[in-house]
Amino acid sequence: MHYQLGNIKVCTEPDYAAMSRRAADIFADAMAQNPDAAFGFATGSTPLGLYKELIERNKRGEVDFSGITTFNLDEYYPIKGDNDQSYRYFMERNLFDHVNVRKESVNLLDGETADAMLECKAYEDRIRLTGGIYLQLLGIGANGHIGFNEPNDHFPGTTHLVELTESTVDANSRFFESREQVPKHALTMGIRTIMSAEKILLVVSGANKSRVLADMLLGHITPLVPASILQLHHNVVVVADDEAAQDIHGMLGRR
Ligand code: PGA
């Protein structure tokens with residue numbers, strides 16, 4: 001199913017596997033069109049199926065990572081890169097170790113830095129120097145966050161240090177042995193960083209995202225739902241499974 005909501009194209013697929021294949025088609029097309037560009041990656045459980053698809057397609061020679069530069073959305077702070085909960089570890093294990101990306105072209109925010117402000121500024125400079133991000137992949141939190149840009153009274157600008165909300169610490173504690181071990185801060189691209197990408201691909205799965213997906217697509221643009229800012233971007237594709245799309249199907253009539 002397809003919906004065109006303002007500037008946002010929404011593709012819905014029956015299940016997670018089909019959603020992942022559709023997202024991989026879009027990602028692979030963008031890589032084929034711009035094999036030397038910068039691509040933005042995301043962590044979380046939603047992109048895992050997409051990453052598996054890209055790994056398989058890379059092994060079959062259909063997708064080439066050798067020319068691209070990568071930037072990740074965010075990282076816990078502080079955290080050691082070899083901690084199995086760091087986003088560096090996640091990306092290496094779930095994508096980068098299995099494809100022909102050049103290690104020197106992989107950029108991740110440094111969760112071990114002594115100077116978070118300097119790290120954030122250097123990251124922005126690196127993005128700018130590569131000519132900007134061509135395609136940014138995003139997930140969305142059930143509270144509407146993108147990256148670690150949590151609901152707020154304003155839209156944060158560039159890459160910055162954030163304190164995680166209680167709900168995000170709770171949501172992420174499932175990956176740690178105890179809640180106490182979840183870092184309470186993170187480094188994240190800001191809303192301006194994300195909005196500067198040429199194209200945005202948002203992947204959404206599961207009934208617990210249905211409400212927020214409808215809010216971000218059909219509600220007011222508000223920093224209380226940070227993803228709602230994407231209504232102002234000129235080139236966004238949302239790929240959702242039917243569970244995540246159930247509210248928009250209900251509100252718009254299944255097409
Ligand atoms: P999830 O996280 O894919 O694990 O649901 C998405 C997010 O919080 O951005």
Side-chain angles (χ1 to χ4, degrees), residues 13 15-24 27 40-54 71-77 79 84-91 93-95 108-109 133 135-152 155-156 159-160 162-176 179 182-191 193-195 197 200-217 223-230 233 236-247:
E13 296 290 342
D15 56 27
Y16 180 75
M19 184 218 77
S20 299
R21 282 194 300 274
R22 169 65 68 116
F27 211 99
F41 289 86
T43 53
S45 42
T46 315
L48 284 173
L50 158 62
Y51 291 162
K52 283 211 180 80
E53 279 287 326
L54 290 178
F71 287 93
N72 258 76
L73 263 182
D74 49 16
E75 177 61 284
Y76 285 119
Y77 185 74
I79 198 161
D84 62 6
Q85 293 307 326
S86 76
Y87 289 170
R88 171 177 294 280
Y89 188 95
F90 177 103
M91 288 308 301
R93 192 180 176 111
N94 292 306
L95 184 63
L108 288 130
L109 282 154
I133 292 171
L135 175 72
Q136 176 67 52
L137 176 67
L138 296 176
I140 183 172
N143 67 0
H145 73 204
I146 45 177
F148 273 120
N149 296 282
E150 303 282 6
N152 207 327
F155 288 110
T159 303
H160 61 290
V162 286
E163 186 174 353
L164 304 187
T165 61
E166 292 292 315
S167 71
T168 296
V169 173
D170 286 343
N172 293 359
S173 64
R174 68 188 194 274
F175 301 115
F176 290 81
R179 193 179 188 283
V182 186
K184 302 298 181 291
H185 291 83
L187 307 176
T188 182
M189 286 185 192
I191 295 293
T193 326
I194 293 168
M195 292 292 281
I200 290 177
L201 170 61
L202 172 67
V203 287
V204 197
S205 170
N208 67 323
K209 302 285 176 69
S210 174
R211 179 74 252 158
V212 78
L213 183 61
D215 282 351
M216 75 145 273
L217 290 170
L224 296 173
V225 183
S228 64
I229 193 79
L230 299 178
H233 193 280
V236 181
V237 180
V238 175
V239 184
D241 61 19
D242 274 337
E243 283 195 356
Q246 60 187 306
D247 279 18

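Just so you know, ligand 1 is whichever comes first in the structure, and atom 1 is the first atom listed for that ligand.
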Quiz item: Considering distance alone, does some N or O of His145 sit under 3.5 Å from an N or O of ligand 1?
Solution: yes

Quiz prompt | Candidate pair Phe90 and Phe41, rule ring pair (Phe, Tyr, Trp, His ring centres under 6.0 Å), full reasoning | solution = CA-CA 11 Å; Phe90 177 103; Phe41 289 86; over 10 Å; no

Exercise. Answer whether the closest heavy-atom distance between the side chains of Met91 and Tyr51 falls below 4.5 Å.
Key: yes

Quiz item: Can you find a heavy atom in the side chain of Glu75 that is under 4.5 Å from one in the side chain of Thr43?
Solution: no

Quiz item: Would you call Glu166 and Arg179 a salt bridge, taking side-chain N to carboxylate O under 4.0 Å as the test?
Solution: yes

Atom indices of ligand 1 within 4.0 angstrom of [X] heavy atoms, with elements:
X: Thr46; result: 1 (P), 3 (O), 5 (O)
X: Gly44; result: 3 (O), 4 (O)
X: Arg174; result: 4 (O)
X: Gly139; result: 9 (O)

Quiz item: If you measure from each non-hydrogen atom of Ile140 to ligand 1, which part falls under 4.0 Å: side chain, backbone, both or neither?
Solution: backbone

Quiz item: Only one of Val203, Thr46, Val238, Ile146 forms a side chain to side chain contact (heavy atoms under 4.5 Å, CB included) with Leu138, so which one is it?
Solution: Ile146

Quiz item: Between Phe176 and Tyr76, what is the ring plane arrangement, given parallel below 30°, perpendicular above 60°, and tilted in between?
Solution: perpendicular

Quiz item: Which protein non-hydrogen atom lies closest to atom 5 (O) of ligand 1, naming both residue and atom, and how far is it?
Solution: Lys209 NZ, 2.6 Å

